[in-house]
Amino acid sequence: MLRTHTAGELRFENVGERAFLCGWVASRRDHKGTIFVDLRDRYGLMQCVLRRGEGEDALVMERGSELPLETCIRVSGEVSARPEGLRNRKMPTGDVELLVDELEVLGTAETPPFELEADGELSDELRMRYRYLDLRRKKMTALMVLRHQVTSRIRHWLDEQGFLDVETPILTKSTPEGARDYLVPSRERKGAYYALPQSPQLFKQLLMVAGIDRYYQIARCFRDEDLRADRQPEFTQLDLEMAFVTEEDVLQILEDLTVLLLREFRDHEAATPFLRMSYAEAMATYGTDRPDLRFGLEISDLTESLADSGFRAFSATAQAGGRIRALRVPGGATLSRKQLSGLEDVARENGGKGLVWLKVGDDLALGGPAAKFLGEPENEALKGRLGAQAGDLLLAAADQERVVAQALGAVRLEVGRVLDLIDREAWCPLFVVDWPLFEWNEDEQRFDALHHPFTSPMAEDLDMLETDPAAVRARAYDLVVNGVELGGGSIRIHQEKTQRRVFDALAISEEDADAKFGFLLQALKYGAPPHGGFAVGLDRLVAQLAGVTSLREVIAFPKTTSAACPLTGAPAPVSEDQLGDLGIRPVR
RNA sequence: GGGGCCGUAGCUCAAUUUGGUUAGAGCACCGGACUGUCGAUCCGGAGGUUGAGGGUUCGAGUCCCUUCGGCCUCGCCA
């Protein structure tokens with residue numbers, strides 16, 4: 001070993017010991033006769049002192065005076081107590097310093113492209129291009145450590161619960177539904193392609209058939225869709241599946257794990273059991289399938305009360321079968337016109353036609369552009385149903401149910417931000433349950449699976465698969481924490497016949513089903529056990545625990561919004577030879 | 001594919017309303033001073049195709065068009 005200690009571990013009790021340290025020059029303060037070098041490694045920061053004087057080593061002083069920042073060095077010397085009054089309380093190692101008598105430059109650094117110890121904002125691109133420098137920074141190192149500790153804890157706990165970690169293929173078969181696949185051309189069979197997995201879904205189901213009745217994997221998943229702050233083209237799932245279980249068993253595991261992680265990594269004792277909310281209630285009351293319960297502002301449906309309103313935007317929508325919904329913002333009458341206009345923009349950006357706002361005056365009279373269209377009965381209905389009080393703001397919208405839900409859901413979040421209603425310390429986990437199995441796809445005039453095609457319908461809804469697919473509920477569930485969808489899962493179909501009926505409802509022909517999912521259907525014929533599981537977005541989970549909003553912060557080598565890697569330059573062209581091996585000729 | 005914001009020194013940012021002289025500052029870097037600093041301090045210096053291309057103008061960092069890149073977002077993400 002080139003070192004005896006790390007830069008973060010030396011304390012007062014080490015005084016007198018001889019130590020060898022390796023690390024990077026985080027800071028250098030040269031006083032000519034005395035040079036202070038702050039040595040950084042992943043464990044911390046240690047002040048090293050180079051001194052002219054008795055027993056001086058001219059070579060050490062010379063090297064020390066020429067050390068560029070971020071140079072990798074090895075030093076040795078005696079651990080010494082810092083003189084009284086010169087101790088640094090901000091540093092864990094601030095009581096001691098290393099009196100350097102040997103200094104070896106292991107790797108000289110060019111002037112870094114940015115200052116690692118500075119506070120300022122840096123562009124993501126720059127950080128990604130020099131990620132190896134970015135990751136040296138204390139904050140980033142801590143995030144990497146946190147991620148490791150979380151995965152390590154998860155593995156340990158699942159091991160205790162009897163789960164087997166099984167790896168599944170990265171080169172696999174394209175699944176036609178869902179996200180766009182990343183494809184890998186086959187050299188052996190030209191014109192054929194592997195796909196990178198969007199998730200290990202089918203393999204874990206096969207493992208259930210195989211009798212691996214408790215499986216998990218921390219699995220890389222790939223989806224070729226546009227990126228967001230919370231979406232990377234390759235991401236990591238904690239993937240888990242159990243045989244011989246019902247929803248309750250799976251949710252219990254998920255809840256136990258969430259409680260454990262919040263306790264150990266956020267020192268938060270989550271209340272159990274977690275709230276369960278139906279998909280329908282989430283959509284109606286919060287306008288989203290992943291409600292942020294850290295603040296109120298519930299949405300109310302006022303369609304019946306306002307259907308005959310003199311306000312045509314309301315009455316016409318109600319007659320057309322749409323819904324009129326509103327939320328009350330306590331004390332929101334203080335919002336400026338500009339802020340209200342901003343809320344209107346949010347409604348429009350999220351599909352709504354507009355937003356009706358009404359301020360509740362001291363006399364409880366409603367003010368605002370739309371107020372004059374509302375008669376006394378509507379006024380009373382609004383105020384009564386919403387419980388309006390003086391100084392409140394009422395926000396209403398009317399549209400088809402899905403649209404009004406999404407628009408008001410977005411407005412609700414924006415109001416929460418603008419008025420700073422979100423309790424930053426709160427953790428509000430819940431399970432969203434009772435999902436519809438299918439979702440009507442207007443463009444393609446058929447049903448899509450809302451979760452995925454392998455999700456089991458509820459037994460009591462099975463008969464409606466052919467007669468009323470839209471009414472069939474799924475044995476699916478999502479884990480939502482603070483408005484973030486951390487994961488989800490379902491009880492799967494374990495009977496071939498049922499799986500075929502679901503494919504049929506999805507307008508997947510028998511031939512297509514056999515061609516694409518024949519291996520699954522085949523496996524289900526050999527004594528498949530009832531099973532179910534879930535997948536948690538590990539990057540999102542770690543980001544939540546770390547209190548950061550972008551997944552890029554918790555991924556060592558992330559990609560930009562255009563799915564590129566500024567560090568390696570991927571994606572990049574390849575040689576014609578490489579393409580030739582694969583039987584591929586580029587389109588010019 | 002659409003919308004929004006951004007791009008000026010290595011980094012973070014300025015550049016006076018409505019286009020006007022030689023594009024500035026802090027940090028980093030280079031040189032000098034300094035034996036107790038701790039994101040050292042002080043003195044001096046160097047550093048620019050204002051992302052790229054085109055246009056308007058007597059004159060463009062500033063206005064217009066195109067393009068590249070980054071971030072946010074809608075669509076998309078079973």
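Sequence lines set the chain letters: A, B, ... in the order given, protein chains first and strands last, and positions in each chain run from 1.
Atom CZ of A:R348 sits in a crowded spot, with more than 12 heavy atoms from other residues, nucleotides or ligands closer than 6.0 Å. Environment of OH in A:Y194: sparse, with no more than 12 heavy atoms of neighbouring residues, nucleotides or ligands closer than 6.0 Å. More than 12 heavy-atom neighbours from other residues, nucleotides or ligands sit within 6.0 angstrom of CZ on A:R28. Applying the 6.0 Å contact sphere to CZ of A:R540 captures more than 12 heavy atoms from other residues, nucleotides or ligands.
The same atom, P, is picked in B:rC77 and in B:rA14; the two are 39 Å apart, to the nearest Å. Taking atom C1' on both B:rC29 and B:rC11, the two are 11 Å apart, rounded to the nearest angstrom. Rounded to whole Å, the separation between the P atoms of B:rC38 and B:rC27 comes to 15 Å. Taking atom C1' on both nucleotides, B:rA15 is separated from B:rC58 by 22 Å, rounded to a whole Å. Using atom P as the reference point in both B:rC65 and B:rC6, the two lie 14 Å apart (nearest Å). Comparing B:rU21 with B:rC64, their C1' atoms sit 25 Å apart, to the nearest whole Å. Using atom P as the reference point in both B:rU41 and B:rU50, the two lie 32 Å apart (nearest Å). For B:rC34 and B:rG70, the P atoms lie 49 Å apart once the distance is rounded to whole Å.
Nearest heavy atom pair, residue A:P457 against residue A:R475, reads O-CD, 3.6 Å.
A:D448 comes within 4.0 angstrom of nothing in the nucleic acid, heavy atoms only. Contact annotation for A:Q406: backbone-only contact, meaning every heavy-atom pair under 4.0 Å involves sugar-phosphate atoms and none involves a base. Backbone-only contact: A:P113 has heavy atoms under 4.0 Å from sugar-phosphate atoms and none from a base. Residue-level contact check: A:E117 touches the bases, meaning some heavy atom is under 4.0 Å from a base atom. Nucleic acid contact for A:L506: none, since no nucleic acid atom lies under 4.0 Å from a heavy atom of the residue. Residue A:E121 is classed as a sugar-phosphate contact, given heavy-atom separations below 4.0 Å to backbone atoms only. Within 4.0 Å (heavy atoms only), A:L122 reaches sugar-phosphate atoms of the nucleic acid but no base atom.
Distance CD (A:E66) to C1' (B:rG32): 15 Å, rounded to an integer number of Å. Rounded to a whole Å, the CE atom of A:M61 is 10 Å from the P atom of B:rU35. Atom CG in A:D478 sits roughly 15 Å away from atom P in B:rC77 (whole-Å rounding). Remark: C1' of B:rC30 and CD of A:E110 are 15 Å apart, rounded to the nearest angstrom. Regarding A:R137, its CZ atom lies at a distance of 12 Å from the C1' atom of B:rC11, rounded to whole Å. For A:L450 and B:rC76, the CG to P distance is 13 Å, given to the nearest whole Å. Rounded to whole Å, atom P of B:rC77 lies 14 Å from atom CZ of A:R290. A:E97 places its CD atom 15 Å from the C1' atom of B:rA40, with the value rounded to the nearest Å.
Sequence order on RNA chain B of the closest nucleotides to A:N88 and A:E349 puts A:N88 first from the 5' end. Comparing A:F114 and A:P83 along RNA chain B, the residue whose closest nucleotide (by nearest heavy atom) sits nearer the 5' end is A:F114.
Of the options A:R136, A:K138, A:K139, A:R40, a salt bridge (charged side-chain N to carboxylate O under 4.0 Å, His left out) to A:E117 is made by A:R40 and by none of the others. Here the rule is salt bridge (charged side-chain N to carboxylate O under 4.0 Å, His left out) with A:D124, and of A:R131, A:R552, A:R129 only A:R552 fits it.
In the region residues 26-39 of chain A, proximity to RNA chain B at under 4.0 angstrom, judged on heavy atoms, holds for A:S27, A:R29, A:D30, A:H31, A:K32, A:G33, A:T34, A:F36, A:D38. Scanning residues 550-569 of chain A for heavy-atom distances under 4.0 Å to RNA chain B yields A:R552, A:T560, A:T561, A:S562.
Listed by first then second residue, pairs satisfying side chain to side chain donor-acceptor pair (under 3.5 Å) with a partner in residues 409-420 of chain A read A:E414-A:R417, not counting sequence neighbours. Applying the ring pair (Phe, Tyr, Trp, His ring centres under 6.0 Å) test to every pair with at least one member in residues 116-140 of chain A, sequence neighbours left out, gives no pairs at all.
Contact of A:R231 with B:rC77 (side chain to base): a donor-acceptor pair of N or O atoms is detected under 3.5 Å. You'll find a donor-acceptor pair under 3.5 Å spanning the side chain of A:R82 and the base of B:rC38, going by distance alone.
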Base contacts versus sugar-phosphate-only contacts with protein, heavy atoms under 4.0 Å: please encode nucleotides 1-8 of chain B as B, S and - from 5' to 3'.
B-------
What does nucleotides 42-52 of chain B look like as a protein-contact string, B for base, S for sugar-phosphate only, - for none, at under 4.0 angstrom between heavy atoms?
-----------
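When distances are taken from the side chain of A:E115 to each of B:rU37, B:rC29, B:rC27, the shortest belongs to B:rC27. Each of B:rC71, B:rU37, B:rC11 was ranked by its minimum atom distance to the side chain of A:M128; first place goes to B:rC71.
Within the 3.5 Å criterion, the main-chain N or O of A:R82 finds a donor-acceptor partner in the side chain of A:R87.
A donor-acceptor pair shorter than 3.5 Å cannot be found between the side chains of A:D292 and A:Y286.
Residue A:Q47 has no polar side-chain atom (N or O) positioned under 4.0 Å from OP1 or OP2 of B:rA40.
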